[in-house]
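Since the structure is predicted, the reported quantities are computational estimates derived from the model, not experimental observations. This chain uses plain numbering: 1 for the first residue, then up along the sequence. Ligands are counted one by one from 1 in listed order, and the atoms in each one are counted from 1 as well.
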Amino acid sequence: MVFYRSVSLLSKLRSRAVQQPGLRNSVRWLQVQTSSDIDLHSQLKELIPEQQERLKKLKSEHGKVQLGNITVDMVLGGMRGMTGLLWETSLLDPEEGIRFRGLSIPECQKLLPAAKPDGEPLPEGLLWLLLTGKVPTKEQVDALSKELRNRATVPDHVYKTIDALPVTAHPMTQFATGVMALQVQSEFQKAYEKGIHKSKYWEPTYEDSLSLIAQLPIVASYVYRRIYKNGQVIPMDHSLDYGGNFAQMLGFDNPSMQELMRLYVTIHSDHEGGNVSAHTGHLVASALSDPYLSFAAALNGLAGPLHGLANQEVLLWIKSVVEECGENVSKEHLKDYVWKTLNSGKVVPGFGHGVLRKTDPRYTCQREFALKHLPDDPLFKLVSNLYQVVPPILLELGKVKNPWPNVDAHSGVLLNHYGLTEARYYTVLFGVSRAIGICAQLIWDRALGLPLERPKSVTMEWLENYCKKAAT
Ligand code: NMX
Ligand code: MLT
């Protein structure tokens, strides 16, 4: 059976974009595709010359336009607020949250093809959207699902490389190691060694990216089954889509868990270019490192507790609340526990953000999923209470710029509900999803010929002298 989303929302979006300059460019070339052109590669090939011209024009006509001032605070403060990267696939608004090629999460949920009526978007559809800026048809998404399944053969040495690690190694260590082992198949590296012309770089990058995205769920589920299920691996089901298959290979055949995985992989995929994993992938790729090398580097950034590892930290923290205060903990007790965490010099995981200044829409759509599928889950109730209890406390601290929950505050209780209870594994799921955004942009990096990334750094002495001079 084939399900199509309504296209009337798309026309509404296009007319809204006429009034909103920020949206105009992203939605400018957004359209529903005709079902005849189902090959993603040839779609891209058609789009690339137009976008190359667009970049050339932008550079030649507006290259010297200033985008803002750099302050000492920005240099010392992790470059917050400093615009310094080109990232085509998504844009983050501090108040509204992420838009993928101009589409918000609720819009993606309405427009992207699903596996069942009113179901969650298929991540393959999002990959198509990120790469082409166009909403795919179900036929195109099915073709892409099939292509990904056809590319999903993981060489034996990858499993052996992972097996060389102690089974107790962190799942992210095992996963990143697996990705590095996949690198030996890089088409980009082979083509570069043969002297490929730079105008063709995007083609082997596309090959590597699609194969990498296709193989990640296999490697990720291997790691899961190795650590938690005595190494009993479940093979891919050739009748299932990307998200459904991933859930199934992990060992979950509940249709709601498969829907959750489709939603999960869709919403974690991309968060513009400045977050640690995307930025790392982009930086490493700017040295012409192939997609495997670049994505492995990105994963190592994702494994940090202030970034992707926060989803692990959230569930462990919630479980520690339950252990100390019980499942039906009162709001008063919750407040005490939050203060205890802060007073011991720790952050409250899942709250705050480097850019967002409101509740993360990725949190909101997971909350909606919970309200629909697991309203009575005790940990969901606890997460809902935390939504009320934590923000006023963080505001009281006086220094936290965003007291609201981010994506990681919610994901763990959903996974836990369906039996994926091993919190240390959660960041691997985030990693599988993030490959979609990083690789989509990487293909465009190569198509647009973006240069080596090399910002200027200075010493404290340089800054002191500069400020003294500026004051006189
Ligand atoms: N709990 C306690 N303190 C916090 C929190 C929090 N949730 N969020 C920010 N602060 C502190 C922060 O540590 C800093 O303190 P200090 O000046 O003593 O170093 C101060 O508030 C100002 O930080 P901000 O400017 O608000 O936040 P920043 O942009 O530096 O950091 C995060 C953003 C996300 C790293 C931070 O909010 C945080 O550590 N949150 C908890 C970890 C988390 O949920 N990370 C996941 C982010 C999403 N993701 O998946 O990547
Ligand atoms: C992400 O999804 O990468 C996180 O929300 C962090 C960020 O955007 O900085």
Legend entry - Pairwise side-chain contact, L414 with Q366, heavy-atom cut-off 4.5 Å (strictly under):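 L414 vs Q366: side chains touch.
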Run through all N or O atoms in ligand 1 and write down each protein N or O closer than 3.5 Å, as a pair with its distance.
unit_1	atom_1	unit_2	atom_2	d
ligand 1	1 (N)	V348	N	2.9
ligand 1	7 (N)	V348	O	2.9
ligand 1	7 (N)	F351	O	2.8
ligand 1	15 (O)	K399	NZ	3.4
ligand 1	18 (O)	K399	NZ	2.8
ligand 1	25 (O)	K401	NZ	2.8
ligand 1	26 (O)	K401	N	2.8
ligand 1	29 (O)	R80	NE	3.1
ligand 1	29 (O)	R80	NH2	3.0
ligand 1	30 (O)	R80	NH2	3.2
ligand 1	40 (N)	F351	O	2.8
ligand 1	44 (O)	G350	N	2.8
ligand 1	44 (O)	N406	ND2	3.0
ligand 1	45 (N)	L306	O	2.9
ligand 1	49 (N)	D408	OD2	3.2
ligand 1	50 (O)	D408	OD2	2.5
ligand 1	51 (O)	H307	ND1	2.7

Legend entry - Any pair counted as side chain to side chain donor-acceptor pair (under 3.5 Å), so long as it reaches residues 457-467, sequence neighbours left out: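 Side chain to side chain donor-acceptor pair (under 3.5 Å) check on residues 457-467 returns no pairs.
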Inset, instruction - Determine, using ring centers only, whether Y337 and W317 are less than 6.0 Å apart. - result: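 Between W317 and Y337, the centre distance is under 6.0 Å.
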Inset, instruction - Decide if the gap between the ring center of Y418 and the ring center of F252 is smaller than 6.0 angstrom. - result: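 They do not qualify: ring centres at least 6.0 Å apart.
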Could you tell me the residue and atom name of the protein heavy atom closest to [atom], and the distance to it rounded to 0.1 Å?
{"atom": "atom 9 (O) of ligand 2", "value": "N275 CB, 3.3 Å"}
{"atom": "atom 6 (C) of ligand 2", "value": "H353 NE2, 3.5 Å"}
{"atom": "atom 8 (O) of ligand 2", "value": "H271 ND1, 2.7 Å"}

Legend entry - Contact partition for E272 relative to ligand 2, non-hydrogen atoms under 4.0 Å: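 For E272, there is no contact with ligand 2 at all, from either part.
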Legend entry - side-chain hydrogen bond (donor to acceptor under 3.5 Å, both in side chains) involving K340 - partner list, sequence neighbours excluded: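 K340 satisfies side-chain hydrogen bond (donor to acceptor under 3.5 Å, both in side chains) with E324 only.
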Legend entry - ligand 2 to R362 polar contact by distance, N or O atoms, under 3.5 Å: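 Yes.
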Inset, instruction - Examine D360 against ligand 2 and note whether any of their N/O atoms are separated by less than 3.5 Å. - result: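 It does not: no N or O of D360 is found under 3.5 Å from an N or O of ligand 2.
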Inset, instruction - Using only heavy-atom distances, determine whether the side chains of E124 and S145 contain a donor-acceptor pair under 3.5 Å. - result: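 A donor-acceptor contact under 3.5 Å links the two side chains.
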Legend entry - Ion pair check, D93 and R99, cut-off under 4.0 Å: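 Not counted as a salt bridge, because no side-chain N and carboxylate O are separated by less than 4.0 Å.
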Legend entry - Under-4.0 Å salt bridge between E327 and K381: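 Judged by the 4.0 Å cut-off on N to carboxylate O distance, E327 and K381 do not form a salt bridge.
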Inset, instruction - Name all pairs fulfilling the ring pair (Phe, Tyr, Trp, His ring centres under 6.0 Å) condition that reach into residues 388-413, sequence neighbours left out, sorted by first residue then second. - result: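 Non-adjacent pairs meeting ring pair (Phe, Tyr, Trp, His ring centres under 6.0 Å): Y363-H410, F380-H410.
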Legend entry - Close approach of R434 to ligand 2, heavy atoms, under 4.0 angstrom: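 Per 4.0 Å heavy-atom rule, R434 contacts ligand 2.
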